[in-house]
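Heads up: the structure comes next, in structure tokens.
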Amino acid sequence: MKKIFYFSIAALLLAGCSEKDDLKDETVDVPEEEWYSGGRLGTVFNATSYAYEQPTEAVVSAGMSQAFKSGEYFFERDFNQNTDGAFRGLGPLAVRTGCLYCHPNYGHGARQTEYRSSQRGNGYLLVITDETDTYLSSLTGMPQTIAVSPFKPPVDETKIKINWLVYSDEWGNRFADGETYELIYPEVIIPEDAYYVPLEVSRNGATITVPYADVRVKLESTIGVYGTGLLDAIAAADLKAEYARQEQAGIRLNPAIFANGEWVKTYATTSHPLRFTYALSRGPLQDGAGANAIWNITNVTRSNRRYHYMTETYARTASKDTEVQSEFYKFFPEQNKTGIVEDDIYNYLMAKDLAVEMSDNDYMNFMVWHRGLAVPAARNLDKPQVQKGKELFTEIGCYYCHRPTWTTGEDQVSDPSGFFAENDSRLPRYPNQKIWPYTDMVQHRLEMKNDIRTGWCRTTPLWGRGLSRLVTGASDRLHDCRARTVIEAIMWHGDAQSDARPAISKFRELTKEDREAICEFIESI
């Protein structure tokens, strides 16, 4: 375990007062609440390389510190194929062997020049679709590139190529005052012989073969995991009100999510609004991205998921593979033998009653940790340059999508999977907290070159991102890490059809000093 650093707000404010006595003309007064990015229950005053991995005050005051530490182990350790021990159960297919490969030091993934699942900080996930943006049904939604003997990976990652191409926008990558910037974007190539399974999509109940020429591949990188419990605590009614407000203001919304003042799509078969992942594919955190990933990334079973993250196409393909057949019983001697090895392989891969590998207590601790990660406090808000950046951020319209604040609701914890009880007392809670995530929790379109799948992307929270280089060693931004700097991230919002176009048109007309002030503000929150 890392050492946990706590700094009281009193000490912070005293330090600020002392600084102001010496530098009266170099600091400004900032409302105390603005330092608390995660509210009183969710903020940690820690600006070290450990800033993203601290427990919230809600965890500490509820006596959940030991559960938090125990849950943290499952994020930080690799899983394996041992038959016993805490980290058993990897495979038979996997996306990664552990969480830190995708979330370096709990943060955003870093830009890469190759796809390698064993490389720490490589947060890339493959997005493989047909020409209509429909996921290939023969692959899992997050395609797997790791296999445990005798199985073979659905995609051979050694054949994947990532090329970074230069992009020139309509302004020739030049601000109004003549200063230039660079823009790059990734092109991903997976040759046909890298696919172990046939290329198929499911459409209208039928399985259709996809010509290789129609396959599309994109990248999505992970975001930081801190503060997700606070986002989960935003009331469903308040999320709906934000969508309704934007709809009434004429802002373009994803019609598959919200239209005419009502939800078009909610999470699974529940009434929970969608709030997590770029694609808004997940609802409550208790059945959200992390709860899903600790199962499907590693394929480690638990009591409410006693089956493999697997496609029927893969099971069928592997069961007919003579090399897999010849080795199967050597690695899986405990499997029931029908005398027909093809059937035994298929039945094993598609079984719904597999042995539990992660105990209920371990999973509960993991979720205490996941829901209990604090947000680093804001920094340097009393600097005139940062305050100037804040004013300009609002003035040019960045706040429309990067909404500064929310107030959480009663935080009525729920879990559509049924593992956690309603308002489960074993989990930390964040009722009635004013938080500063700088996101509207809504999807928008930026119309970028080689854009994210569907073009719709949830506004990513900005809180704590200014510490990324210190914590993770990289500060790349946007869904595929194409932006190496804040300036590049901003200018990727500038397409003529982008929802952010009005703000970017104003940004590029600012002086260099004012542009830098906005960037410094973004790095401070």
Side-chain angles (χ1 to χ4, degrees), residues 95-96 101-102 104 108-119 121-136 138-146 153-173 180-197 199 201 210-223 277-279 444-457 460 474-485 487-498 500:
V95 181
R96 296 289 193 278
Y101 292 96
C102 285
H108 192 291
R111 189 175 70 89
Q112 306 292 330
T113 57
E114 59 181 8
Y115 187 96
R116 292 293 183 271
S117 58
S118 60
Q119 184 177 359
N122 192 334
Y124 282 141
L125 301 173
L126 299 170
V127 180
I128 306 178
T129 70
D130 69 2
E131 78 283 5
T132 70
D133 266 350
T134 302
Y135 283 114
L136 295 194
S138 51
L139 296 167
T140 50
M142 290 183 286
Q144 298 146 323
T145 61
I146 299 173
V155 181
D156 182 351
E157 67 178 32
T158 65
K159 297 181 179 180
I160 300 172
K161 292 184 179 179
I162 301 175
N163 299 319
W164 286 94
L165 307 179
V166 175
Y167 177 75
S168 181
D169 63 21
E170 66 181 87
W171 301 296
N173 296 2
T180 61
Y181 49 90
E182 293 182 334
L183 296 175
I184 59 173
Y185 68 94
E187 175 190 70
V188 188
I189 300 172
I190 304 179
E192 190 169 8
D193 64 359
Y195 294 100
Y196 178 67
V197 295
L199 305 175
V201 295
V210 179
Y212 173 71
D214 291 342
V215 174
R216 304 288 184 265
V217 185
K218 297 181 179 181
L219 296 174
E220 287 184 11
S221 187
T222 50
I223 65 173
T277 76
Y278 298 118
H444 298 287
R445 295 179 69 100
L446 300 183
E447 308 293 352
M448 294 185 288
K449 176 71 174 179
N450 201 14
D451 209 348
I452 194 169
R453 175 182 174 268
T454 76
W456 292 100
C457 186
T460 300
S475 53
D476 306 297
R477 292 175 182 255
L478 299 183
H479 73 280
D480 54 11
C481 299
R482 66 177 63 195
R484 296 159 292 184
T485 64
I487 285 287
E488 290 181 20
I490 292 172
M491 294 314 297
W492 269 116
H493 288 57
D495 186 87
Q497 302 303 314
S498 167

Test side-chain contact (heavy atoms from CB on, under 4.5 Å) applied to Tyr115 and Val188, step by step: CA-CA 9 Å; Tyr115 187 96; Val188 188; over 6 Å; no
Does the [X] side chain pair with the main chain of [Y], one donor and one acceptor, at a distance under 3.5 Å?
| X | Y | value |
| --- | --- | --- |
| Tyr278 | Ser221 | yes |
| Glu447 | Arg445 | no |
| Asn450 | Pro186 | yes |
| Ser498 | His493 | yes |

Audit row: Arg96, Asn122, side-chain contact (heavy atoms from CB on, under 4.5 Å) steps and yes/no: CA-CA 10 Å; Arg96 296 289 193 278; Asn122 192 334; 4.0 Å; yes
Who are the side-chain contact (heavy atoms from CB on, under 4.5 Å) partners of [X], not counting sequence neighbours?
| X | answer |
| --- | --- |
| Tyr135 | Val127, Thr129, Arg453 |
| Ala489 | Arg477, Leu478, Ala483 |
| Ser138 | Leu136, Val197, Glu200, Thr313 |
| Asn173 | Ser168, Asp169, Tyr181, Leu183 |

Pair listing, salt bridge (Lys or Arg N to Asp or Glu O under 4.0 Å) test, anchored in residues 156-168, at least two apart: Lys159-Asp193
Salt bridge (Lys or Arg N to Asp or Glu O under 4.0 Å): pairs with one or both residues in residues 121-136, sequence neighbours excluded: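 Sorted result for residues 121-136: Asp130-Arg203.
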For the [atom1] atom of [X] and the [atom2] atom of [Y], what is their distance to the nearest 0.5 Å?
| X | Y | atom1 | atom2 | answer |
| --- | --- | --- | --- | --- |
| Glu220 | Asp480 | CD | CG | 8.5 Å |
| Leu126 | Thr140 | CG | OG1 | 9.5 Å |
| Tyr124 | Gln119 | OH | CD | 10.5 Å |
| Leu165 | Ile184 | CG | CD1 | 9.0 Å |
| Asp451 | Cys457 | CG | SG | 8.0 Å |
| Lys449 | Asp495 | NZ | CG | 11.0 Å |

State which residues pass salt bridge (Lys or Arg N to Asp or Glu O under 4.0 Å) with [X]; sequence neighbours excluded, sorted by chain then number.
| X | answer |
| --- | --- |
| Asp476 | none |
| Arg484 | Glu182, Glu488 |
| Arg111 | none |

Evaluation steps, side-chain contact (heavy atoms from CB on, under 4.5 Å), between His479 and Met448: CA-CA 11 Å; His479 73 280; Met448 294 185 288; 3.5 Å; yes
For Thr134, all residues meeting side-chain hydrogen bond (donor to acceptor under 3.5 Å, both in side chains), sequence neighbours excluded: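 Checked Thr134 against side-chain hydrogen bond (donor to acceptor under 3.5 Å, both in side chains); matches are Thr132.
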Pairing residues for Gln497 by the side-chain hydrogen bond (donor to acceptor under 3.5 Å, both in side chains) criterion, not counting sequence neighbours: none
Which atom of Pro104 lies closest to which atom of Gly109, heavy atoms considered: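 Minimum heavy-atom contact is CD-CA, 4.0 Å.
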Heavy-atom pair of closest approach, residues Leu125 and Cys102: CD2-SG, 4.4 Å
Residue list, ring-ring contact (aromatic ring centres under 6.0 Å, His included) with Tyr167, at least two apart or on another chain: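 Expected list: Trp492.
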Any Ile160 side-chain heavy atom under 4.5 Å of Ile190 side chain: yes
Stepwise side-chain contact (heavy atoms from CB on, under 4.5 Å) check, Tyr195 with Val215: CA-CA 11 Å; Tyr195 294 100; Val215 174; 3.7 Å; yes
